[in-house]
Structures are given as structure tokens and as C-alpha cells.
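Below is one structure, written out as C-alpha cells; comments come after it.
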Amino acid sequence: PTRRSSDLETLEGFVTGAVRGGVEVDFEGLRAFAPASHVELRPGVDLSGLVGRRLQFEIVQYEKKGRDVVVSRKKFLADEAASARAEALKVLTPGSVHRGVVRTVMQWGVFIALPDAGNIEGLVHASEAAHDRTAKLNDLYKPGDPVEVKVLRIDEKGKLWLSRKAVMSDPWGDVLQKYAVGSRHSGKVVRLQPFGAFIEL
């Protein structure tokens, strides 16, 4: 191509092969390289599915008179992801219940993907993950586990807040029925304090 480097901003290229660290792209005879992080937002994804496709790329590096060309799809990927997220959020309303899949478990919360909303991810904060606030999230949730969650809210930044606790029966409701006022039970003394004793039932 006879284009000057200043002209090489956005072009349609043909992906000719998947190589280590990215893909090779042909622009009417000009060979270029696109790093994996610039053609796929998710790390570790097999890029061979892109081979044979014509895609839009941005030229981010043009050196050595066209012998060292690096291209990127990050701008297009970001735009597509934002558009897909906006569409997915339209089907989610506060109070609605959805089936999800655990993606990532952190100390302070769990990220859940919602397949019926384009796999958009939402956060179940630790305070909404279980009725027992002392429970460790790593003991309760594992990546890949199916879970049912309730949409609490979608904030002004489009962040999705979910609750697992809201779709679980409250164990204290069962406790109040089983251990009604005036009923008698056997228990184990687990701790003594100057003001009284803690009993485990």
C-alpha cells in the first residue's frame, strides 16, 4: 500500500493466522500483528476462531516503512462491550430474580455472570452473600457454581448489585418456630460471661 503512516488510522484487515501472542493480519498485502490483548478482552481465549475473518483495526504502530506494523481492535471491543452491556441491562430490573454462574470469589464479594442477560457480571457483596455473616465466601461459593440471585439495583455507572441472601430462606424464621418462647430444649454451654451464659442448641 502507498498510504502514509498518518493515513493509517482505521482499516479493514483479513486475519490470516493465529500466532503466539496474537494474530497476523493482512491489509491488501501489508502484513501486521495484533497482540492478543488487542483482539480479545478475555485473557487466554483461543484466537483461532478469528482466522479468516475481515475485521476493523486501528493502526497503533507503523515503522520501518511498513515492515513493523501493529494493529488493535481495543477501541471496537470497548464500544461493542459497552453497547452489549447497555442492552443487557435493559432486561434487568430491581427485584427480578435470575439464574447465574459464579465467576470470581473475593474476600469482600462474589462476581456472578447472568447468562440470560448476555453473561453480564454483577456483584454480590459479602453482606448479601449469606445470612451467616461470619461464613467465609470461599467455603460457600466456587467458580462455575450455579446460583440464583436477585437484582438489588443498577447504579448510575451501570454497576449491577445482586443479592443471594434475598432468594434464600431466612434461617431465623425456622429458629423462631422451632424454639418458640416458653418451649424447653437441651443445650450445651459454650461460653460463660459475667452477665450470663451462651447456650448452643
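For this chain, numbers begin at 1 and follow the sequence in order.
- Nearest heavy atom pair, residue M106 against residue L137, reads O-CD1, 3.4 Å.
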- prompt: Would I154 and W161 count as a side-chain contact (heavy atoms from CB on, under 4.5 Å) if you check the C-alpha gap in whole Å, the side-chain angles of each, and the deciding distance to 0.1 Å?
  reply: CA-CA 6 Å; I154 302 170; W161 297 86; over 6 Å; no
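- Checking side-chain atoms of R73 against main-chain N and O of Q56 turns up a donor-acceptor pair under 3.5 Å.
- In this structure the side chain of V147 never reaches within 4.5 angstrom of the side chain of V124, judged on heavy atoms.
- A donor-acceptor contact shorter than 3.5 Å is absent between the side chain of Y179 and the backbone of H185.
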message: side-chain contact (heavy atoms from CB on, under 4.5 Å) for F27 and V69? Distances and angles first, verdict last.
response: CA-CA 10 Å; F27 295 95; V69 182; 5.5 Å; no
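- Residues L140 and V105 share a single hydrophobic cluster, defined by chaining ILVMFWY side chains whose heavy atoms lie under 4.5 Å apart.
- Residues meeting the ring-ring contact (aromatic ring centres under 6.0 Å, His included) test with F198, sequence neighbours left out: none.
- Between Y141 and R164, the closest side-chain pair of non-hydrogen atoms falls below 4.5 Å.
- Of the inter-residue distances, the one linking R99 atom CZ with I112 atom CD1 reads 11.0 Å to the nearest 0.5 angstrom.
- In the hydrophobic clustering of this structure, L55 groups with L30; members are Ile, Leu, Val, Met, Phe, Trp, Tyr whose side-chain heavy atoms approach within less than 4.5 Å, directly or through other members.
- Between F57 and V39 the shortest side-chain heavy-atom distance falls below 4.5 Å.
- With contacts defined as side-chain heavy-atom distances shorter than 4.5 Å, the pair T16/R31 qualifies.
- L192 and L201 fall within the same hydrophobic cluster, where Ile, Leu, Val, Met, Phe, Trp and Tyr residues are linked whenever their side-chain heavy atoms come under 4.5 Å apart, directly or through other members.
- Under a hydrophobic-cluster definition in which Ile, Leu, Val, Met, Phe, Trp and Tyr are linked whenever side-chain heavy atoms come within less than 4.5 Å, directly or via other members, V102 and L162 are assigned to the same cluster.
- With a 4.5 Å cut-off on side-chain heavy atoms, L160 and V151 count as touching.
- Summarising the hydrophobic clusters (Ile, Leu, Val, Met, Phe, Trp, Tyr; side-chain heavy atoms under 4.5 Å, direct or chained), the residues clustered with F76 are none.
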